[in-house]
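This report refers to the structure that appears directly beneath it.
Since we're looking at a predicted model, the values are computed, not measured.
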Amino acid sequence: MKMIKFYSLIAIYAATAGIKAQVGINTTNPQATLDVAGSTNTSMRDGILPPRVSKQQLASKDVGIYGSAQKGTIVYVTDSTTPTGTTPSIAEVGSIDNIGYYYFSGFQWVPFAMNIYNTDGSLSGNRVVTQNANSLSFTTTATNGFSVDGTTFSVDGANHRIGLGTSSPETKFHLVSTTPSSNRYNLIDASAGTNQYGIVALRNTSALATGNFSLLSFTNNGPSSGGGNWALGSVRTGSTLTNGSEEDFYIGNSTGGGLIERMRINPITGNVGIGTSPATNKLHINATNPVRLEGLQAAAGTAGSLTVNSTGVVQLKNSSSISAARGTGIVSITQNNTFVNTSVSVKTFDNLSEMTGNTFTAFSTGLYKIDFTINYPQRGSTEDGGDGYSGYAQISLNGIQQSFTNTKVVLPEVSGAPSFVTCTNSALLKINAGQVLSFQALTFGSTPNTTNIVAPFTINVVRID
């Protein structure tokens, strides 16, 4: 009897559908081909149950069971476990990765809601995400938790690192360039334009403090090496100014411990210091035997020589800059056995203006070669007791005798005219800056009070160290 009532119900629905081509369940006024209305009966379960199947069941269907005529067919997948055994329709379940509603697209079972959280996919066109004031954050704890195009860009969420050109960054920012040009790897290219500069900045944002470093380091110890062995950059020399005047350029290296300073450049003077800081000259080197020059060529034309002064400064010495002076004059002797200072000399040259009158004042400390020459005149037998006399030449430093020589001035030849006998005093003296040389003449066994002895002299002084 129940079966007869069920068939009667089907017949009534069929007749109604035939008239209106619409079917209503729990409604006498269907608004679509099939309109199922919810029930107000609190003990009745509302809803539609489609076929409930597993991924295994769909993959096991015979080939061609689902085709273009079954487009839109709906099922609910209760188990997305990878199918095993005989699976003729395995290609149709490739997009089933989770439990849920799927429809047949004519080729494959596709989830109702496809998104990046449960399904892989491909963009069908360009997409733009407009964030406005909203943030877009990604959180990961995986080593290669977020990547773009394989190793092009990789985020290591486990170790908080970023890799460019690598999917396993070893440092906070690890950049690997794999395409060299003439063995050169371009890591950063400045944008093209009219600006003449391409500057990469590395900032130390710690509080200002003397001794802070901002360095780039380099190593050549293979793929497993640690930090750099050579470093260059800036080191702070003060904790106040931020205009660069308190930052020396620095080069240093490590052989297993801390950095060893090798060179620095002062930002204001440009002085370069090697083995010393601060540098007092454009190039200031502090080391044992610090400079070695090879391949020097013979000079052409006017040249000089390099010398080192008492403070270690290298200077050029040539004919116009070396301490050298020459003067000539006449000394007049009016008393026997009494030293007489030479008269004011006429300077032939005096490079550093050290000769004044009949004295020489050293401009700098050094070793000096002095030649003092007096040409004593021969006198007749009526002078000097008839047997000639002795002539002396004396060199004094700050009024103290340093060198003393003499010569015998004999009578002239009977048949010849009187001539001169030269008395030369040559000395090598260490003279300090500011000390004064003076030059004296003396005759012994003479009678200059009767006829004065007038003798020409020459003074030569040159610094040789």
Indicate yes or no: at least one non-hydrogen side-chain atom of [X] is less than 4.5 angstrom from one of [Y].
{"X": "I459", "Y": "D371", "answer": "no"}
{"X": "N253", "Y": "R262", "answer": "yes"}
{"X": "R264", "Y": "T237", "answer": "yes"}
{"X": "T361", "Y": "T356", "answer": "no"}
{"X": "Y101", "Y": "I74", "answer": "yes"}

Does the side chain of [X] pick up a donor-acceptor pair with the side chain of [Y] at under 3.5 Å?
{"X": "T27", "Y": "N29", "answer": "no"}
{"X": "Q440", "Y": "S396", "answer": "yes"}
{"X": "Q394", "Y": "S403", "answer": "no"}
{"X": "N41", "Y": "S39", "answer": "no"}

Hey, is the main chain of [Y] close enough, under 3.5 Å, to the side chain of [X] for a donor-acceptor pair?
{"X": "T166", "Y": "G163", "answer": "no"}
{"X": "E246", "Y": "L241", "answer": "yes"}
{"X": "Q108", "Y": "A91", "answer": "yes"}
{"X": "N460", "Y": "R326", "answer": "no"}
{"X": "N132", "Y": "N134", "answer": "no"}
{"X": "S254", "Y": "G257", "answer": "yes"}

List the steps, then state whether side-chain contact (heavy atoms from CB on, under 4.5 Å) holds for S438 with F360. CA-CA 7 Å; S438 59; F360 177 93; over 6 Å; no
Could you pull out all residues at least two apart from F146 that satisfy ring-ring contact (aromatic ring centres under 6.0 Å, His included)? F138
Between S345 and N358, does a side-chain contact (heavy atoms from CB on, under 4.5 Å) hold up when you go through it step by step? CA-CA 6 Å; S345 61; N358 58 359; 5.7 Å; no
For the pair T152 and L164, evaluate side-chain contact (heavy atoms from CB on, under 4.5 Å) and give the outcome as yes or no after the intermediate values. CA-CA 5 Å; T152 299; L164 297 179; over 6 Å; no
Show your reasoning for whether side-chain hydrogen bond (donor to acceptor under 3.5 Å, both in side chains) applies to E354 and S323. CA-CA 8 Å; E354 296 170 289; S323 175; 2.6 Å; yes
Would you mind listing every side chain to side chain donor-acceptor pair (under 3.5 Å) that reaches into residues 286-296, with sequence neighbours excluded? R292-E294
For a quick test of reading the model, state the closest non-hydrogen atom pair linking L202 to L215 and the distance between them. CD2-O, 3.1 Å
From the list V77, V53, T73, side chain to side chain contact (heavy atoms under 4.5 Å, CB included) partner of W109 resolves to T73
Mind running side-chain hydrogen bond (donor to acceptor under 3.5 Å, both in side chains) on S60 and Q56 for me, showing each step along the way? CA-CA 6 Å; S60 300; Q56 176 75 51; 3.2 Å; yes
F249 and I251: side-chain contact (heavy atoms from CB on, under 4.5 Å), yes or no, with the steps? CA-CA 7 Å; F249 180 77; I251 295 179; 3.7 Å; yes
Under 6.0 Å between ring centres, would you say that holds for F213 and Y250? yes
Sequence neighbours left out, what passes side-chain contact (heavy atoms from CB on, under 4.5 Å) with T269? Give chain and number order. N266, N271
